[in-house]
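Comments concern the structure below.
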Amino acid sequence: MKLRIAPSPTGSLHIGNARTALFNWLYAKANGGTFVVRIDDTDMERSTEEHQKNILENLQWLGLDWDEGVDVGGEHGDYRQSSRFERYREVAHQLVEKSFAYEDDGAIRFKVPKDQTINFKDFVRGDMSFDTSDVEDFVILRSDNSPTYHLASTVDDVDYGITIIARGEDILSSTPKHILIMEALGADLPNFCHLPLLFGPDGKKLSKRHGDTSVKAFRDKGILNDAMFNYLCLLGWSPGDDVELFDREFAISKFDFNKVLPNSAIFDEKKLLWLNGQYIRSTAYDKFLKDALIKVEENLNRALFPEENERLNKILPSVQERVETMNDLQAQVLFLLDEPFLINQEEWDTVNSEEAQKYLNNIRKKFIDLEDFNLENIELLMRTALEELEIKTKVGFQSTRVAITGTKISPPLFESIFALGKETCIARLTESIEKLTN
RNA sequence: GGCCCCGUCGUCCAGAGGCCUAGGACGCUGGGUUUUCAACCCAGAAACGCCGGUUCGAAUCCGGUCGGGGCUGCCA
């Protein structure tokens, strides 16, 4: 059993292609089959080395590996169609010799027999039947001597011994053409499986106009590969029993093409984000910490200073609980970085009051005298101040939050203060009080 | 236009004739918890496109219709 994914390097890895690759991979893994990755770069105009690299990289990022194909090798060369043009030309001319095709203004066209029925079984859609009278003669070799997709893809599938062709439904209508070529070549027919397409929120085939739909774009947004893998599995398939969070191994153990739905699915970023949050929270803290620090440095475009590192180490456990993507980190920890400290004036106005100012002055003095600046003492100090001044928790705490972090939204207050450290905390209070009381 | 595919809450999925006054999840609304935001917990609104047929019985089978989508390229 051999399956394949054959992306064209005319763009970076698209989510739809990633999902198709994923299902092929799952089926191969589930059944001990061979998974092949080859590159369909017959479109010389638009194919680039860079796109190819991006595609392979992102397949790997998703956790997909392949037994045969580009980069890993195998019996069929480098698995790039651009390396096999001679082979396709040979086949095209062979087909002309055998009268299956004919020359047409310099190109070679496949001669489609009329009034014939093409039958094949589709793993997702059942028995399919097409009338060849509805299929027009199609070009297999262009006048510039380059093969078209129909020719190259079919020849490769035959030459490489692909036994299950699972691809997007957009190619369903082209399948009779491919079968016709295979029959002309005297090849055994593989099984087919046309997977439902992924749509954008507008119900149209997911494409560039729905924004950036590349896997890389989501990766850049701070989506975890495990979450992306999991989410993609859920589009058109489910392992049953209402299970929605699972890993690769579990998916493999449950996957089958005949459980894949035939109808297209809309890519819903909201659910992906939720799933991502679930994965972030269930990540082992050590790994989260490591990834988080890298991410912050990336966003900052510089290395972290030692004291910043120390502060982040203190706050990150709380942050892990409240981010949806790795990119959300930045906003949560910004106040701990050696970057300009800015207070959101509008937010301050909503928490500012005479009481608040009294409170800030009071805890500032107390902090200066506090010897052991630990979590427990910070909380005790702040609560004591509330009682002494008879100020409501919310009034005292929210104004402190804005005074220290600059905004009303931050990680838990005591943790934030503790992470920031005594000196900086006092400095912030001083600065805020000065700036905000007049 | 022609050919083809598809049709369960807004979205993803469960449902393979009686277990369905249709279940789960995201999102949404309300409530709880709370020093903010999250997280978490509870509750709620929300769907079998429509019409026929088969059957004792249909979301499930068949036909039609309507709706959506794909292909119709010397793109893939």
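Note that these values count all heavy atoms, side chains included, but never hydrogens, waters or copies made by symmetry. In what follows, chains are A, B, ... by sequence order, proteins preceding strands, each numbered from 1. Model, not experiment: these values are computed from the prediction.
In the 5' to 3' direction, nucleotides of RNA chain B lying under 4.0 Å from heavy atoms of chain A begin and end at C3(B) to A76(B).
Residue Met382(A) is classed as having no contact, given no heavy-atom separation below 4.0 Å to the nucleic acid. Heavy atoms of Leu261(A) sit under 4.0 angstrom from primed sugar atoms or phosphate atoms, though from no base atom. Among the protein residues, Arg125(A) comes within range of the sugar-phosphate backbone only, with heavy atoms under 4.0 Å from sugar or phosphate atoms but none that close to a base. Within the 4.0 angstrom heavy-atom criterion, no nucleotide atom of any strand lies near Pro196(A). At a threshold of 4.0 angstrom between heavy atoms, the contacts of Tyr231(A) with the nucleic acid are absent. Heavy atoms of Thr393(A) sit under 4.0 angstrom from primed sugar atoms or phosphate atoms, though from no base atom. Counting any heavy atom pair closer than 4.0 Å across all strands shown, Leu413(A) reaches a base atom. If you check every strand for non-hydrogen atoms under 4.0 Å, Ser173(A) touches a base. Across all strands shown, Asp105(A) has heavy atoms under 4.0 Å from base atoms, whether or not it also approaches the sugar-phosphate. Heavy atoms of Phe199(A) sit under 4.0 angstrom from primed sugar atoms or phosphate atoms, though from no base atom. Ala265(A) comes within 4.0 angstrom of the backbone, heavy atoms only, and of no base. Using a 4.0 Å heavy-atom distance criterion, Asp134(A) is classed as a sugar-phosphate-only contact. Ser174(A) comes within 4.0 angstrom of a base, heavy atoms only. Among the protein residues, His194(A) comes within range of no part of the nucleic acid, since none of its heavy atoms lies under 4.0 Å from any strand.
Cation-pi contact between Lys98(A) and Phe100(A): absent, since separation from the ring centre below 6.0 Å together with deviation from the ring axis within 45° is not met. Relative to the ring axis of Tyr160(A), Arg4(A) does not place its NZ or CZ within 45° and under 6.0 Å from the centre.
Rounded to the nearest Å, the gap between the P atom of C5(B) and that of U65(B) is 15 Å. Taking atom C1' on both C20(B) and U36(B), the two are 44 Å apart, rounded to the nearest angstrom. Here, C66(B) and C12(B) have their C1' atoms 25 Å apart, quoted to the whole Å. One P atom belongs to U35(B), the other to G10(B), and the distance between them is 38 Å to the nearest Å. When the P atom is used for both U29(B) and A38(B), the distance is 11 Å, rounded to whole Å. Annotation: C51(B) and C56(B) have their P atoms spaced 22 Å apart (nearest Å). As rounded to the nearest Å, C26(B) and A14(B) have C1' atoms that lie 15 Å from one another. G17(B) and U55(B) are spaced 9 Å apart, taking the C1' atom of each and rounding to whole Å.
Partners of Lys270(A) according to the side chain to side chain contact (heavy atoms under 4.5 Å, CB included) rule, which considers only residues two or more places apart in sequence or in another chain, are Asp268(A).
For G18(B), the paired base is C56(B) (Watson-Crick or G-U wobble, both distances below 3.5 Å). Within the shown strands, nothing qualifies as a pairing partner of U36(B) under the Watson-Crick or G-U definition with both distances less than 3.5 Å. Base pairing of C26(B) is made with G10(B), judged by Watson-Crick or G-U wobble geometry with both donor-acceptor distances under 3.5 Å.
Map Gln398(A) and Asn263(A) each onto its nearest nucleotide of RNA chain B; the residue landing nearer the 5' end is Asn263(A).
Classified by interplanar angle (parallel below 30°, tilted 30° to 60°, perpendicular above 60°), the ring pair Trp25(A)/Phe229(A) is perpendicular.
Between atom CG of residue Leu151(A) and atom OH of residue Tyr88(A) there is a gap of 8.5 Å, rounded to the nearest 0.5 Å. Ile39(A) contributes atom CD1, which lies 8.0 Å from atom OG of Ser8(A) (distance to the nearest 0.5 angstrom).
Taking a cutoff of 4.0 Å between a charged side-chain nitrogen and a carboxylate oxygen, Lys295(A) and Asp291(A) do not qualify as a salt bridge.
Cys233(A) places a side-chain heavy atom less than 4.5 Å from the side chain of Leu26(A).
Heavy-atom neighbours of Lys114(A) NZ from other residues, nucleotides or ligands within 6.0 Å: above the threshold of 12.
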